[in-house]
Amino acid sequence: MENTTDDYKIQSFDLDTQMLLKTALKDPSSVNLVKVSNIIVDQSLKDQVFSKEAGRICYTIVQAEAKQSNGSVFRRNMLNRLQQEFKNREEMRGRSLQEWVCYVTFICNVFDYLKVDCLVLQLHRIGEQLEKVNSPRMDELFFLLRDGFLLQEGLSSMARLLLLEILEFRAGGWLLSGTAHKYYYSEIAD
């Protein structure tokens, strides 16, 4: 399920930057994550093809950093930089419509990778209470999640796994059996 560093489209960078990004993807604590986040944002603002790939790269670095050190240096710096760019959006749009399109593409892709993760996390935390408050709405949400899992093209394997897990979590009365827990989380822990 995990991506190898060779799966990412980082050939547009010089060799030193490619090595920095590959290292950040595998071992984020061994590199300057502020520099990495700035490189990714800078390239994303120039290259619309890369801006689509950058969301996946950011997601992988965030996951690797959290797993390795339970840290959020990369995510914090990335979000701060994106906020700075957003504050200057009118200037950016006036300067270059292409840069603005790249920026919006990048933001959409970053949040595309994070939204399923966030949804599943919140449903684990408060799903049972939400169901008690409004069961028909929860049924409606889970019909949409099921259809998203089954019918959505282009959904990553990790997003599919998370959606399947939350469907099973609810079906099990907001609990996962030991077997199901091992199935869903043994790969992630390794």
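What you see is a predicted model; the values in this text were computed from it and never measured.
Under the 4.5 Å side-chain criterion, counting only non-hydrogen atoms from C-beta, L145 is in contact with L119. Put simply, the side chain of V49 does not reach to within 4.5 Å of the side chain of E53, judged on heavy atoms. Residues E165 and L176 meet the side-chain proximity criterion, which asks for heavy atoms closer than 4.5 Å. Counting heavy atoms from C-beta outward, Q18 and D14 have side chains that stay 4.5 Å or more apart. Using a 4.5 Å cut-off on side-chain heavy atoms (C-beta onward), I39 and F13 make contact. For the pair F142/L163, no side-chain contact is recorded, criterion being any heavy-atom separation below 4.5 Å from C-beta on. Side-chain atoms of L141 and L123, non-hydrogen and from C-beta on, do get closer than 4.5 Å to each other. Residues F86 and L82 fail the side-chain proximity criterion, which asks for heavy atoms closer than 4.5 Å.
In this pair, F169 and W174 present their aromatic rings perpendicular. The plane angle is above 60°, beyond the 30 to 60° band.
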### Message
What verdict does the side chain to side chain contact (heavy atoms under 4.5 Å, CB included) test give for T105 and V101, after you've listed the backbone C-alpha separation in whole Å, the side-chain angles of each residue and the deciding distance to 0.1 Å?
### Response
CA-CA 6 Å; T105 301; V101 169; 4.1 Å; yes

### Query
Do Q83 and N80 pass the side chain to side chain contact (heavy atoms under 4.5 Å, CB included) test, and can you show the C-alpha distance, the side-chain angles, and the key distance before you say yes or no?
CA-CA 5 Å; Q83 272 186 318; N80 285 339; 3.8 Å; yes

### Message
E85 vs R89, test: salt bridge (Lys or Arg N to Asp or Glu O under 4.0 Å). Steps then yes/no.
### Response
CA-CA 6 Å; E85 297 296 335; R89 67 189 175 277; over 6 Å; no

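Within the 3.5 Å criterion, the main-chain N or O of T23 finds no donor-acceptor partner in the side chain of D27. With hydrogens and angles disregarded, no donor-acceptor distance shorter than 3.5 Å links the side chain of Q98 to the backbone of K46.
If you chain together hydrophobic residues whose side chains sit under 4.5 Å apart, M19 and L33 never meet in one group. Taken together through direct or relayed side-chain contacts under 4.5 Å among Ile, Leu, Val, Met, Phe, Trp and Tyr, L175 and I166 form parts of separate hydrophobic clusters. Residues L15 and L20 fall into different hydrophobic clusters, defined by Ile, Leu, Val, Met, Phe, Trp and Tyr side chains chained together at heavy-atom separations under 4.5 Å. Hydrophobic clustering (ILVMFWY, side-chain heavy atoms < 4.5 Å, transitive): I126 and V133 are in distinct clusters. L162 and L121 are assigned to two separate hydrophobic clusters, defined by single-linkage of ILVMFWY side chains at heavy-atom distances under 4.5 Å.
Annotation: cation-pi geometry not satisfied between R56 and Y59 (NZ/CZ under 6.0 angstrom from ring centroid, within 45° of ring axis).
Between A54 and I40 the shortest heavy-atom distance is CB-CG2, 3.8 Å. Here the shortest heavy-atom pairing between G127 and M138 reads O-CE, 3.3 Å. In terms of heavy atoms, S44 sits closest to C102 at O-CB, 3.0 Å. Of all heavy-atom pairs spanning R95 and E99, the tightest one is NH2-OE2, 2.9 Å. The two residues I61 and P28 come nearest to each other via the heavy atoms O-CG, 4.2 Å. Closest approach of I57 to F50, counting heavy atoms only: CD1-CE1, 3.7 Å.
The pair R81-D42 counts as a salt bridge, with a side-chain nitrogen and a carboxylate oxygen less than 4.0 angstrom apart.
The number of heavy atoms from other shown groups lying within 6.0 Å of CZ (R170) is above 12. Within 6.0 Å of the CZ atom in R146, the count of heavy atoms belonging to other residues, nucleotides or ligands exceeds 12.
To the nearest 0.5 Å, atom CZ of residue R137 and atom CD of residue E140 are 5.5 Å apart. Taken to the nearest 0.5 Å, the SG atom of C58 stands 10.5 Å off from the CZ atom of F111. With rounding to the nearest 0.5 angstrom, the OG atom of S51 is 12.5 Å from the OH atom of Y103. The distance from atom OG of S135 to atom CG of L130, rounded to the nearest 0.5 Å, is 11.0 Å. Separation of atoms CG (L21) and CD (Q43) is listed at 9.5 Å; rounding is to 0.5 Å.
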